[in-house]
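We count ligands from 1, going down the list as the structure has it; atoms in each ligand are counted the same way.
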Amino acid sequence: MFNIILFGPPGSGKGTQSEKLISKYGLKHLSTGDILRSEIAGQTPLGQAAKSYMDKGQLVPDEVVIEMISSSLDNNPGAYGFLFDGFPRTTAQAEALDKLLSQKKTEIAVVLALQVSQQELVERLLNRGLTSGRSDDVDESVIGARIAEYEKKTAAVAEYYRKYEKVVFIKGEGSIDEIFDLLCKEIDRLISAQQVSH
Ligand code: B4P
């Protein structure tokens, strides 16, 4: 299996680039943000609980998202690999993911970390808020809270994977295609290295 984490602050392009990467590499896309939004749309108890956190720009509790990812992994036994988008967002989530993957005799190949300035993040999210209907994109104070959550709880995830030398930083500013090319170069390099070692 070949598993990637696409990492970065809110608005860094994770969702945007994931769509292109899964179609090129045939990976199964697991976006905790998308799963949570579909639970909200379906007005499930999980969605109703998650909405109160998301509307404030806060992270949803670890147990909830870890359980969601665990079921998604179980529901896709034949996948060639997974692209994790927006997960893990805390060190506890990263530890849980490593455990889940090792039970399936696999691991994370690489963490591709998109780097974007704070000013650009805020501009992109406010811009998406004009059309997305996402309540967490319209209010600048909620966007500020999401970025603060990232700094406080999520940035540490890059440190966690750096210990295992799995993090590659990618410039996340420029055109969507330019960034996609940078991501593909890294992935292609890893895939050829894996093929040589087997
Ligand atoms: P997510 O759905 O993961 O979304 P995101 O962080 O807002 O953004 P993403 O990075 O995917 O957006 P993109 O840049 O593609 O999270 C939403 C909420 O869900 C969180 O705040 C949290 O409450 C909850 N949640 C999710 N996962 C969780 C977890 N694991 N644990 C706890 N809570 C969790 O798009 C942004 C905009 O930028 C778009 O309009 C796009 O068109 C634009 N854009 C992208 N690339 C661009 C480029 N190169 N140039 C210009 N614009 C660009």
Side-chain angles (χ1 to χ4, degrees), residues 4-22 29-41 46-73 82-97 100 111-158 160 170-183:
I4 299 174
I5 294 173
L6 195 55
F7 183 80
S12 55
K14 302 183 297 288
T16 306
Q17 297 294 338
S18 290
E19 293 301 331
K20 293 169 74 72
L21 291 169
I22 52 162
H29 185 197
L30 291 187
S31 158
T32 38
D34 286 352
I35 302 172
L36 289 166
R37 280 184 289 278
S38 93
E39 295 280 344
I40 293 173
L46 192 159
Q48 279 162 354
K51 188 173 186 319
S52 60
Y53 294 96
M54 291 168 77
D55 281 350
K56 287 186 242 150
Q58 294 169 356
L59 293 182
V60 172
D62 286 338
E63 318 79 81
V64 175
V65 282
I66 291 168
E67 183 51 38
M68 274 168 25
I69 287 289
S70 172
S71 320
S72 301
L73 292 176
F82 293 94
L83 173 59
F84 296 95
D85 162 9
F87 181 90
R89 261 178 154 100
T90 62
T91 308
Q93 292 180 21
E95 286 165 352
L97 178 63
L100 288 169
V111 179
L112 297 168
L114 294 165
Q115 293 185 298
V116 177
S117 73
Q118 183 152 335
Q119 189 191 341
E120 170 92 12
L121 296 175
V122 175
E123 275 170 25
R124 284 185 190 179
L125 293 172
L126 284 173
N127 200 28
R128 182 170 67 183
L130 298 175
T131 54
S132 67
R134 274 181 59 171
S135 54
D136 59 345
D137 281 346
V138 276
D139 181 335
E140 201 164 338
S141 72
V142 174
I143 292 175
R146 288 161 65 192
I147 295 173
E149 282 279 84
Y150 171 83
E151 296 296 343
K152 195 166 134 204
K153 299 178 183 163
T154 307
V157 172
Y160 173 88
I170 304 278
K171 184 168 176 262
E173 293 187 31
S175 76
I176 289 171
D177 285 340
E178 280 165 357
I179 299 161
F180 181 62
D181 284 346
L182 294 173
L183 291 166

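- At the shortest separation from atom 4 (O) of ligand 1 among protein heavy atoms lies Arg134 NH2, 3.7 Å.
- In this structure, of Glu19, Arg146, Lys171, the residue bringing a heavy atom nearest to atom 5 (P) of ligand 1 is Arg146.
- For ligand 1 and Val65, the ligand atoms under 4.0 Å from any heavy atom of the residue are 29 (C), 31 (N).
- The nearest heavy-atom contact from the protein to atom 46 (N) of ligand 1 is Arg124 NH1, 3.6 Å.
- When heavy-atom distances to ligand 1 are checked against a 4.0 Å cut-off, Lys14 comes that close through both its backbone and its side chain.
- Ser175 and Asp177 share no donor-acceptor pair across their side chains, judged by distance under 3.5 Å alone.
- Looking at Thr32, Thr154, Asp62 one by one, the single match for side-chain hydrogen bond (donor to acceptor under 3.5 Å, both in side chains) with Gln93 turns out to be Asp62.
- The residues Arg146 and Asp137 are annotated as salt-bridged, a charged nitrogen and a carboxylate oxygen being separated by less than 4.0 angstrom.
- Here the heavy atom of the protein found nearest to atom 41 (C) of ligand 1 is Thr16 OG1, 3.6 Å.
- Heavy-atom proximity to Ile176, at under 4.0 Å, picks out these atoms of ligand 1: 46 (N), 47 (C), 48 (C), 49 (N).
- Of the listed residues (Glu178, Arg89, Met68), the one carrying the non-hydrogen atom nearest atom 26 (C) of ligand 1 is Arg89.
- The closest side-chain heavy-atom distance from Lys51 to Glu39 is not below 4.5 Å.
- Residues Val138 and Leu126 come closest through the heavy atom pair O-CD2, 3.7 Å.
- Considering only non-hydrogen atoms, atom 25 (N) of ligand 1 lies nearest to Leu36 out of Val142, Leu36, Thr32.
- The protein heavy-atom contact nearest to atom 35 (O) of ligand 1 is Arg128 NH1, 3.1 Å.
- Between the Ser70 side chain and the Ile66 main chain, no donor and acceptor come within less than 3.5 Å of each other.
- Side-chain contact between Ile179 and Gln17: present, with at least one pair of heavy atoms (C-beta onward) separated by less than 4.5 Å.
- Heavy atoms of Ile179 approach ligand 1 to within less than 4.0 angstrom.
- The backbone N or O of Thr91 sits nowhere less than 3.5 Å from a side-chain atom of Lys153 that would complete a donor-acceptor pair.
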